[in-house]
Amino acid sequence: MSGISAQGSTLHINTGTLAVPVWLKINGLLSFSGMDGSASDIDTTDLDSTAMEYISGLVDEGKFGFEIKRLKTDAGQMAVRAARISGALTGMKLTLPDAAIATFAMLVKSVPTAGGVNAVLKGSVDCKISGPVVWS
């Protein structure tokens with residue numbers, strides 16, 4: 001069985017509102033990773049227990065990160081940098097080549113830049129997901 005190529009995946013940032021989203025493409029996308037969270041454990045152990053007992057707690061969707069070629073004048077990348085500066089909760093939409101779409105709210109934590117010999121400028125954007133990731 002073959003896998004699904006990531007080629008053709010797109011990432012958009014919401015520059016509108018939650019009620020009326022305006023999805024702006026972030027150009028120069030090289031890679032992405034994340035949605036790596038997990039549910040917390042709630043301790044239900046009592047004095048009748050013979051071992052620790054737990055139930056599943058709330059899910060923390062974790063982090064989301066993506067690497068980009070730095071394109072100084074790209075409106076999507078400018079919106080990402082503005083979201084980091086403002087600290088505002090911002091919507092993100094990841095569309096995969098198989099038409100699966102993940103939408104989520106996140107905080108942009110850092111937008112560092114890296115360069116080197118015989119290389120394009122790149123940035124590795126680190127975000128913290130807030131609330132659920134919705135797949136459609």
Side-chain angles (χ1 to χ4, degrees):
M1 181 196 280
S2 64
I4 300 169
S5 172
Q7 198 67 31
S9 296
T10 60
L11 189 60
H12 291 77
I13 187 167
N14 182 7
T15 59
T17 64
L18 187 58
V20 184
V22 176
W23 295 110
L24 184 61
K25 184 178 179 190
I26 301 168
N27 288 302
L29 183 64
L30 299 172
S31 64
F32 57 89
S33 65
M35 297 181 231
D36 56 356
S38 62
S40 61
D41 297 325
I42 298 175
D43 185 351
T44 60
T45 310
D46 61 29
L47 293 175
D48 292 324
S49 301
T50 58
M52 296 298 294
E53 299 173 0
Y54 301 94
I55 60 172
S56 188
L58 291 174
V59 172
D60 176 349
E61 294 286 4
K63 296 181 179 182
F64 182 77
F66 54 99
E67 186 179 32
I68 51 175
K69 289 186 302 185
R70 290 300 300 253
L71 304 172
K72 185 177 179 182
T73 60
D74 178 67
Q77 290 190 22
M78 289 190 290
V80 169
R81 290 191 295 274
R84 185 193 62 79
I85 292 167
S86 74
L89 202 56
T90 305
M92 195 71 87
K93 178 172 72 170
L94 174 66
T95 304
L96 302 178
D98 65 355
I101 298 172
T103 54
F104 52 93
M106 52 85 195
L107 297 168
V108 178
K109 304 301 280 181
S110 65
V111 187
T113 299
V117 174
N118 201 31
V120 299
L121 287 176
K122 295 180 181 179
S124 182
V125 180
D126 295 312
C127 305
K128 175 67 177 161
I129 298 171
S130 179
V133 174
V134 178
W135 286 94
S136 58

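Since this is a predicted model, take the numbers as computed values, not measurements.
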Legend entry - Donor-acceptor contact below 3.5 Å, side chain Thr44 vs main chain Glu53: yes

Inset, instruction - Give the minimum heavy-atom separation between Val111 and Arg70, together with the two atoms involved. - result: O-NH1, 3.8 Å

Legend entry - Side-chain heavy atoms of Leu96 within contact of Ile101, under 4.5 Å: no

Legend entry - Validation row: Leu30, Lys122 side chains within 4.5 angstrom (heavy atoms): yes

Inset, instruction - For Asp43 and Tyr54, indicate whether the former's side chain and the latter's backbone hold a donor-acceptor pair under 3.5 Å. - result: no

Inset, instruction - Mind checking the CZ-OG spacing from Phe66 to Ser33? Nearest 0.5 Å is all I need. - result: 10.5 Å

Legend entry - Atom pair OG1 (Thr45) and CE (Met52), whose distance is rounded to the nearest 0.5 Å: 3.5 Å

Result block: side-chain N/O donor-acceptor pairs under 3.5 angstrom for residues 8-18, not counting sequence neighbours:
unit_1	atom_1	unit_2	atom_2	d
Ser9	OG	Ala6	O	2.7
Asn14	OD1	Gly16	N	2.7
Asn14	OD1	Val22	N	2.9
Asn14	ND2	Thr17	O	3.2
Thr15	OG1	Val22	O	3.3
Thr17	OG1	Ala19	N	3.4
Thr17	OG1	Val20	N	2.9

Legend entry - Separation between OG of Ser31 and CG of Leu29, rounded to the nearest 0.5 Å: 7.0 Å

For a quick test of your reading: what N or O donor-acceptor pairs under 3.5 Å do the side chains of residues 127-136 make, sequence neighbours left out?
unit_1	atom_1	unit_2	atom_2	d
Lys128	NZ	Asp60	OD1	2.8
Lys128	NZ	Asp60	OD2	3.1

Legend entry - Point-to-point distance, once rounded to the nearest 0.5 Å, from OG1 of Thr103 to CE of Met106: 12.0 Å

Run the side-chain donor-acceptor check on residues 74-92: report pairs under 3.5 Å with partners two or more places apart or on a different chain.
unit_1	atom_1	unit_2	atom_2	d
Asp74	OD1	Asn27	ND2	2.6
Asp74	OD2	Asn27	N	3.3
Asp74	OD2	Gly76	N	3.2
Asp74	OD2	Gln77	N	2.9
Gln77	OE1	Leu71	N	2.9
Gln77	NE2	Asn27	O	2.8
Gln77	NE2	Lys69	O	2.7
Arg81	NH2	Lys72	O	3.2
Ser86	OG	Ala82	O	3.4
Ser86	OG	Ala83	O	3.3
Ser86	OG	Ala88	N	3.1
Thr90	OG1	Ala88	O	3.0

Legend entry - Gap between atom CG of Asp126 and atom NZ of Lys109 - 0.5 Å precision: 10.0 Å

Inset, instruction - Kindly work out whether a path of hydrophobic side-chain contacts (I/L/V/M/F/W/Y, heavy atoms less than 4.5 Å apart) joins Leu107 to Phe32. - result: no

Inset, instruction - Calculate, to the nearest 0.5 Å, the distance between atoms CZ and CD belonging to Phe104 and Glu61 respectively. - result: 9.5 Å

